[in-house]
Amino acid sequence: VDLSLAPVNPHSLVEYSTEFFILKPVDMNRGNKRLLYDVNNRGNKRALQFFNDAPPNNNPRTARDAGHGFLMRQGYTVVWSGWQGDLLPGDGRLTMKLPVATGADWPVTGPFRAEFIIEQPGVQTVTLSGHDYIRPHPTVDLSTESASLTCRQMEQDTRQLVPPSDWQFAVVDGHGNVLPSATNCYLPGGFQPGWIYELVYTARDPLVLGLGFAGVRDLIDFLRYSDHDSAGQANPLRAESACIDIAHAWGRSQSGRFVRQFVYGGFNASDSGQRIFDGAFSHVAGGGRLQLNYRFAQPDRYPRQHEDHLYPSEEFPFAYGPTEDPFTGTKDSVLKGPKTDPLVIHTQTATEYWQRRGSLVHTDPRGNDLPEHANVRVYLLSSLQHNDAAAALEGGIPRY
């Protein structure tokens with residue numbers, strides 16, 4: 001989406017770049033020729049934490065960062081790269097530089113909806129993205145008359161309009177001065193903790209966020225199948241007879257939804273038709289997919305019990321095999337490219353059944369059980385939490 005509005009280089013190509021990070025055997029011939037791609041979660045590396053019981057660390061370079069070393073003892077090469085283009089740098093997060101969609105004579109603009117929930121009393125200013133690590137979409141007009149700010153205590157309550165005179169597009173600096181800001185919302189009386197605030201305004205300068213899928217596809221395609229890149233740089237995962245035979249993708253929660261959408265969107269096939277990932281492991285994604293490829297997308301958001309109900313995440317199709325949408329009659333499935341579809345493991349906890357529509361992975365939209373897909377295994381990890389993070393290490397001993 002919006003690729004046609006992205007600026008091009010002298011070769012008429014759209015440019016973007018992403019950070020990447022590789023942990024590999026020193027001697028690739030002693031590895032198992034398997035690549036594990038950890039789909040980072042909001043820029044954070046998670047595979048070593050969840051597979052190796054390692055402490056969370058976005059710069060794993062020491063033996064301690066490897067935890068008990070499970071993936072290393074198995075001989076895996078572990079790869080990360082940035083894909084979420086609206087992440088801001090900080091805390092070692094993997095970031096991605098994407099082009100801004102631009103009109104011929106004016107910026108690209110459009111309606112934008114933001115939700116804020118503040119948990120602490122006394123907060124007067126919030127970024128329009130809702131989080132300080134997410135790039136906000138700036139407003140085209142600093143006048144609050146052209147926007148709408150409402151609040152409500154519960155999701156289904158009637159929205160209460162905050163008068164335009166009671167708030168500003170502004171930010172408070174370190175000296176207490178209120179300064180106009182196209183990327184912040186200022187409420188002098190403070191936000192009510194726990195209440196849902198909804199801001200609708202006209203935004204500008206959307207990023208071409210769908211390139212996040214293309215970036216992952218093309219990186220793994222290169223690491224698996226190429227000797228050199230276009231500049232002559234050697235593939236770091238090829239050494240003499242060593243190469244990657246099999247590649248797996250693993251993601252949890254947000255990044256698990258990325259895995260499902262990556263496959264559904266057709267990105268598991270390279271430009272030459274080769275399979276990108278042979279196996280895909282989606283953990284605690286529920287029935288959702290990551291809606292990244294639309295104008296002014298907000299991949300950080302997802303519907304929960306209390307908030308963010310109006311953001312796209314749980315959209316038909318939910319199941320890996322074919323089902324029918326009872327509202328439209330549309331038939332579709334997450335897996336629909338038999339030559340390039342991966343084998344899938346899908347795991348979820350009780351949380352995904354309570355508030356992440358987890359049953360839709362193995363039932364149709366009317367609640368009827370579906371036959372098991374031949375290439376998919378779905379598991380319930382009973383009594384575990386959505387964020388059952390691995391232990392931090394103390395003296396080399398996992399503590400749970």
Tell me, which pairs form a side chain to side chain donor-acceptor pair (under 3.5 Å) where one or both residues lie in residues 26-35, sequence neighbours left out?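 Every side chain to side chain donor-acceptor pair (under 3.5 Å) pair that includes a residue of residues 26-35, provided the two are not neighbours, is Asn29-Ser241.
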What pairs meet the side chain to side chain donor-acceptor pair (under 3.5 Å) rule with one or both residues in residues 200-213, with sequence neighbours excluded?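 Every pair satisfying side chain to side chain donor-acceptor pair (under 3.5 Å) with a residue in residues 200-213: there are none.
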Quick check on the hydrophobic clustering: are Leu219 and Leu94 connected, directly or via other members, by side-chain heavy-atom contacts under 4.5 Å?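 Looking at the clustering, Leu94 is in a separate group from Leu219.
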Is there a chain of hydrophobic side chains (I, L, V, M, F, W, Y, each step under 4.5 Å between heavy atoms) that links Leu310 to Phe296?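 Leu310 does not cluster with Phe296.
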Salt bridge (charged side-chain N to carboxylate O under 4.0 Å, His left out) pairs, two or more places apart, involving residues 38-52: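 Salt bridge (charged side-chain N to carboxylate O under 4.0 Å, His left out) check on residues 38-52 returns Arg42-Asp300.
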Could you pull out all residues at least two apart from Arg301 that satisfy salt bridge (charged side-chain N to carboxylate O under 4.0 Å, His left out)?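 With neighbours one apart ignored, the set is Asp308.
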Quiz: residues 154-166 side-chain donor-acceptor pairs under 3.5 angstrom, not counting sequence neighbours:
residue	atom	partner	partner atom	Å
Asp157	OD2	Met154	N	2.9
Arg159	NE	Glu198	OE1	2.7
Arg159	NH2	Glu198	OE2	3.2

Evaluate the criterion ring-ring contact (aromatic ring centres under 6.0 Å, His included) for residue pair Trp83 and Phe258; output intermediate values, then yes/no. CA-CA 10 Å; Trp83 61 263; Phe258 179 100; 4.7 Å; yes
Enumerate donor-acceptor pairs with a distance under 3.5 Å from any side-chain N or O in residues 259-281 to protein atoms, sequence neighbours excluded.
residue	atom	partner	partner atom	Å
Arg260	NE	Gly288	O	2.7
Arg260	NH1	Phe318	O	3.4
Arg260	NH1	Tyr320	OH	3.2
Arg260	NH2	Gly287	O	3.3
Arg260	NH2	Phe318	O	2.6
Gln261	OE1	Arg289	NH1	2.5
Tyr264	OH	Asp332	OD2	2.6
Asn268	OD1	Phe277	N	2.9
Asn268	ND2	Phe277	O	3.0
Asn268	ND2	Thr340	O	2.7
Ser270	OG	Ser272	N	3.3
Ser270	OG	Ser272	OG	3.0
Ser270	OG	Gly273	N	3.3
Ser270	OG	Gln274	N	2.9
Ser270	OG	Gln274	O	3.4
Ser272	OG	Gln274	NE2	3.2
Arg275	NE	Asp341	O	3.4
Arg275	NH2	Lys339	O	3.2
Asp278	OD2	Arg224	NH1	2.9
Asp278	OD2	Arg224	NH2	3.0
Asp278	OD2	Ala247	N	3.0

Got a second to check how far [X]'s [atom1] is from [Y]'s [atom2], nearest 0.5 Å?
X	Y	atom1	atom2	answer
Glu115	Thr150	CD	OG1	9.0 Å
Leu370	Thr323	CG	OG1	6.5 Å
Tyr197	Cys151	OH	SG	5.0 Å
Asp218	Thr18	CG	OG1	11.5 Å
Tyr37	Ile22	OH	CD1	10.5 Å
Ser81	Met96	OG	CE	7.5 Å

Sub-3.5 Å donor-acceptor pair from the side chain of Ser226 to the main-chain atoms of His228, do we have one?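 Not at all, since once roles are kept as given, no pair shorter than 3.5 Å links the two residues.
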The criterion is ring-ring contact (aromatic ring centres under 6.0 Å, His included); which residues satisfy it with Tyr16, sequence neighbours excluded?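 ring-ring contact (aromatic ring centres under 6.0 Å, His included) check on Tyr16 returns nothing, list empty.
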According to ring-ring contact (aromatic ring centres under 6.0 Å, His included), who are the partners of Phe316, at least two apart in sequence or on a separate chain?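 ring-ring contact (aromatic ring centres under 6.0 Å, His included) list for Phe316, sorted by chain: empty.
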Sequence neighbours left out, cut at 3.5 Å: what donor-acceptor pairs do the side chains of residues 5-15 make with other protein atoms?
residue	atom	partner	partner atom	Å
Asn9	OD1	His11	N	2.8
Asn9	OD1	Ser12	N	3.2
Asn9	OD1	Leu13	N	3.0
Asn9	ND2	Glu15	OE2	2.9

Is Val1 isolated, or which residues cluster with it under the ILVMFWY side-chain rule of less than 4.5 Å, directly or via members?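 In the cluster with Val1 there is nothing else; it is isolated.
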Just checking, any donor-acceptor pair under 3.5 angstrom between side chains of [X] and [Y]?
X	Y	answer
Asn368	Asp364	yes
Asn293	Gln291	no
Ser253	His386	yes
Asp227	Asn235	no

For Tyr353, which residues count as a side chain to side chain contact (heavy atoms under 4.5 Å, CB included) partner, sequence neighbours excluded?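 Tyr353 satisfies side chain to side chain contact (heavy atoms under 4.5 Å, CB included) with Gln348, Ser359, His362, Leu380 only.
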Is it true that Tyr311 and Tyr302 have ring centroids separated by less than 6.0 Å?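 So the answer is no for these two rings.
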Near-ring test Phe51/Trp250, centroid separation under 6.0 angstrom: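 Centroid separation for Trp250 and Phe51: below 6.0 Å.
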Give the minimum heavy-atom separation between Gly75 and Pro25, together with the two atoms involved.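 Closest pair (atom of Gly75, atom of Pro25, distance): O-CG, 4.0 Å.
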Heavy-atom closest pair, residues Thr95 and Leu87: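 Closest approach of Thr95 to Leu87: CG2-O, 4.0 Å.
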Extract all donor-acceptor atom pairs below 3.5 Å that involve side chains of residues 168-187 and protein atoms in other chains or at least two apart in sequence.
residue	atom	partner	partner atom	Å
Asp173	OD1	His175	N	2.9
Asp173	OD1	Gly176	N	3.0
Asp173	OD1	Asn177	N	2.8
Asp173	OD2	Asn177	ND2	3.2
Ser181	OG	Thr183	N	3.2
Ser181	OG	Thr183	OG1	3.3
Ser181	OG	Asn184	N	3.4
Ser181	OG	Asn184	ND2	2.9

Pick one: which of Arg252, His283, Arg377 meets side-chain hydrogen bond (donor to acceptor under 3.5 Å, both in side chains) with Thr347?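 Of the listed residues Arg252, His283, Arg377, the side-chain hydrogen bond (donor to acceptor under 3.5 Å, both in side chains) partner of Thr347 is His283.
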N-O pairing of Arg357 and Glu352 below 4.0 Å: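 Salt bridge between Arg357 and Glu352, a charged N being under 4.0 Å from a carboxylate O: no.
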Less than 4.0 Å between a side-chain N and a carboxylate O, is that true for Asp91 and Arg93?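 Counted as a salt bridge, because a side-chain N and a carboxylate O are separated by less than 4.0 Å.
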